[in-house]
Amino acid sequence: MVRAMELLDDSDDFDGVPLSQRAIAARPAPYLEGLNAAQRAAVETLDGPVLMLAGAGTGKTRALTTRIAHLLVQGRAWPSQILAVTFTNKAAREMKDRIGRLLGESVEGLPWLGTFHSISVKILRRHAELIGNGDLHLKPSFTILDTDDQIRLLKQLIQAENLDEKRWPARQLAHLIDGWKNRCLTPANLPKGEDATFDGWGGRLYQAYQNRLLTLNAVDFGDLLMHCVTLFQAHPDVLKSWQDRFRYILVDEYQDTNVAQYMWLRLLAQAHRNICCVGDDDQSIYGWRGAEVGNILRFEKDFPGAQVIRLEQNYRSTPEILAAASGLIAANAGRLGKTLWTDAESGEKVRLIGHWDGEAEARWIGEEIEAFQGGHRASMGPVSLNDIAILVRASHQMRAFEDRFMTIGLPYRVIGGPRFYERQEIRDAMAYFRLVVSPDDDLAFERIVNTPKRGLGDKAVKTIQSAARNNGVSLLEGARIVVEDKQLGGKGLANLRDFVTGIARWQVDALNSAASHVELAERILDESGYTAMWQNDKSPDAPGRLDNLKELVKALEEFENLQGFLEHVALVMDRDKDEAGEEVSIMTLHGAKGLEFPIVFLPGWEDGLFPNQRAMDENGTKGVEEERRLAYVGLTRAERMATITFAGNRRLYGQWQSAMPSRFIDELPPEHVEVLTPPGLYGGGYGAAMAHAGGAPAAGMQERAARADVYNSPGWKRMQARAAERKTPIPRATVTIDADPAAGFSVGDKVVHAKFGQGQVMGIAEGTLTVQFEAGFKNIKASYVRPAGDDQDVPF
DNA sequence: ACTCCGGGGGTTTTT
DNA sequence: CCCCCGGAGT
């Protein structure tokens, strides 16, 4: 984990802990052992540009970290002379850990191993004054706005221009501006035509936004990179100093770089050209947020004489999985081309199975997992739930699995829910800290001045704003003036006075280091009434929010002071997963990149869902190719078994929709795929079997689905053909739906629900129970609860 | 200042 | 179908 002090460290460092020459002599590079020839070349080719094309599971991270270790041990560079960039903090952390393990304890810090963004911050803080126009420029203490702040700011600007927020949504403008920043287009160099987007307001609002950011002494994420690039371009001396410092540059996931990152790298690398980029064009899945696969395809042109090293031996998957994935990705044009191979033992084929609808799909996967868990698949040996992942295309697919797993009591974890720091309570608390640390932070002020409710609504805020504007001061200062001049009514005034004096008091405390910042944070939350606000909140999620706040305060312990913490959070913070018991992982395909699991389920392979309709509509063939890469990423996550499933019908936005199996299914090499037969297919064909599947869609729907082209795709036909060949049917699982699922319950029964806990049945209607839980009344399908044991008391 | 209702929109996600 | 936002109404 990146420590605050690393981010804040402003010393010109040739510190770190270099290995002494003596230590090097005594160390015969044991870390090189076990590398294959290509990996070894990737580690030892230190001079000049290198492109490491590393297929999935080929030991890319190992090669990269070993290369860094090698640079250090060979004495080619001090730790502070190596620039290593990643996209995520997780990746950066992992690399640090692994380098540490390679070299023992000897290397304390690699100060310039981090994300593009965190490294840009460090650079920008040293040259903040050079960023800006005219009188407006950044100060080294600039704050970093997240997406939420960004949108609120844009909203204000749109309002200021008297534009209709409905016709020009701030979100859309934010997207537009992000796109420009991704391509390093400042308001001044927006190409003609681009600035006319947003009905001619695009360029103008963009300029206004940039100015506003400067006056707030703030930057957004896109600025971090764009400002660095413009800084380097406008100040050759500054660029030179950084070029001299970074003697070796390494880049992870190069296929995901956008134009701004590409320019950033090019500028830094162009002098010595010691740049090593690692990537896999087949795993480029972030085109929709500005990544340019072109960057990796063009590498050899950009850096003439570049050595291209291909890592092609896969250490992760069985030959079957690898062959299926390779066959699939072969359908893409314009690849750099790699041939992955493995000498791993043969395993099971990739399994393919179709279901009537999304519910059946979830039910079947749940049963499969239970079978693994119970050891009913001897070929797989003992399987931990931690070894199993379900990778979906879109997060709304997760719900069916959550519902099902909740019902059958299968522990699962959803990876990639709302991030910790994006939660309301965390953002509120941080706004308090921000305001204490930087009194000029107007956005923070606006966020919390009436949170908790202090009777300071729109009108009060307007008064404060005009007081601030008239005096040319921050909102906090404006509020102080309002209090002094008694520009507000009784209760609001008193509350505002308390608020202002509170902030002032905490500011004093923050400066004198007598009390720890952790205690201070607690006091801020308590004395402001923020904690009390949630304590008094009766909603079921209030306790969780209080827990989050506790967690937040606890996280502070790791830092020197509040500033350090805020900096960290703005760039780095991600929830630390408390690894509880064994759980199945549910996540999106995007979220799964870089991970691996012995057993992987890939549901929802239907045209329109995957490949996603919108991706196809908006980007045509390019869109399909990116989707195909996503499929490739999904398959290559699997070590021992991959199972692809699709459903003929799915409820989307309340509408039942039928779909054809994904075109990607047709593209899988048949010899590596085993087609399973879904339970219920036996006797009477698919449609007929579904007619009594329970909870089925309306009759018209079934008819339509039965007639639909589902059966005409090659994949489906293949599947049917194989199903017919099969001798022993897969045992049909007992479906839990009886004639009347509510039959077993009567009013007054005590029941238990996986999520809501204990409750009491208050009403019954057609399979649905109305149950009073601690969290309140819920209408719940009878199959989701079980009777509570007699010894258990319902607590109300 | 708070609550309720209607309309719109609903891939993917990091920093 | 469900969630979020904004406006109107109390």
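Values reported hereafter were calculated over all heavy atoms of this structure, with side chains retained and with hydrogens, waters and symmetry mates removed.
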Residues two or more places apart in sequence or in another chain: which of them pass salt bridge (Lys or Arg N to Asp or Glu O under 4.0 Å) with A:R614?
A:E618

Between the base of B:dT11 and the side chain of A:R393, is one N or O donor paired with an acceptor at under 3.5 angstrom?
no

Taking only residues two or more places apart in sequence or in another chain, which ones pass side chain to side chain contact (heavy atoms under 4.5 Å, CB included) with A:T143?
A:L145, A:A218, A:S438, A:D441

Would one find a side-chain N or O of A:N89 under 4.0 angstrom from OP1 or OP2 of B:dT15?
yes

Considering heavy-atom distances to DNA chain B, does A:E626 or A:G222 have its closest nucleotide positioned more toward the 5' end?
A:E626

Can you tell which of B:dG10, B:dT15, B:dA1 lies closest to the side chain of A:K453?
B:dA1

Where along nucleotides 2-10 of chain C does protein come under 4.0 Å, by heavy atom, of base (B) or sugar-phosphate alone (S), with - for untouched nucleotides?
S---S----

Could I get the full list of ring pair (Phe, Tyr, Trp, His ring centres under 6.0 Å) partners for A:F142, not counting sequence neighbours?
none

Please enumerate all residues that pass ring pair (Phe, Tyr, Trp, His ring centres under 6.0 Å) together with A:F610, with sequence neighbours excluded.
A:W605, A:F664

Separation of B:dT13 atom C1' from A:F87 atom CZ, nearest Å, is 12 Å

Ring centers of A:Y286, A:W288 separated by less than 6.0 Å
yes

Residues forming a ring pair (Phe, Tyr, Trp, His ring centres under 6.0 Å) with A:F433, sequence neighbours excluded:
none

Can you list the residues that meet the salt bridge (Lys or Arg N to Asp or Glu O under 4.0 Å) rule with A:R454, with sequence neighbours excluded?
none

Base-paired stems that DNA chain C participates in, counting runs of 3 or more Watson-Crick or G-U pairs under 3.5 Å:
B:1-10 with C:1-10

Which nucleotide in the set B:dC2, B:dT11, B:dT15 lies at the smallest distance from any side-chain heavy atom of A:T88?
B:dT15

With sequence neighbours left out, the residues meeting side chain to side chain contact (heavy atoms under 4.5 Å, CB included) with A:R171 are A:I151

A:S395 side chain N/O closer than 4.0 Å to the phosphate oxygens (OP1, OP2) of B:dT12?
yes

State which of B:dT11, B:dT15, B:dA1 makes the closest approach to the side chain of A:R614.
B:dT11

For A:L267, which residues count as a side chain to side chain contact (heavy atoms under 4.5 Å, CB included) partner, sequence neighbours excluded?
A:V229, A:F232, A:Q233, A:L239, A:Q270

Report the C-alpha separation of A:D428 and A:T451 in whole Å, then their side-chain angles, then the decisive distance to 0.1 Å, and conclude whether the side-chain hydrogen bond (donor to acceptor under 3.5 Å, both in side chains) test is met.
CA-CA 8 Å; A:D428 287 342; A:T451 309; 5.2 Å; no

Within the pair A:T588 and B:dT13, is there a side-chain N or O less than 4.0 Å away from OP1 or OP2?
yes

Proximity to DNA chain B (any heavy atom under 4.0 Å), residues of residues 282-291 of chain A only
A:Y286, A:W288, A:R289

Residues two or more places apart in sequence or in another chain: which of them pass ring pair (Phe, Tyr, Trp, His ring centres under 6.0 Å) with A:Y412?
none

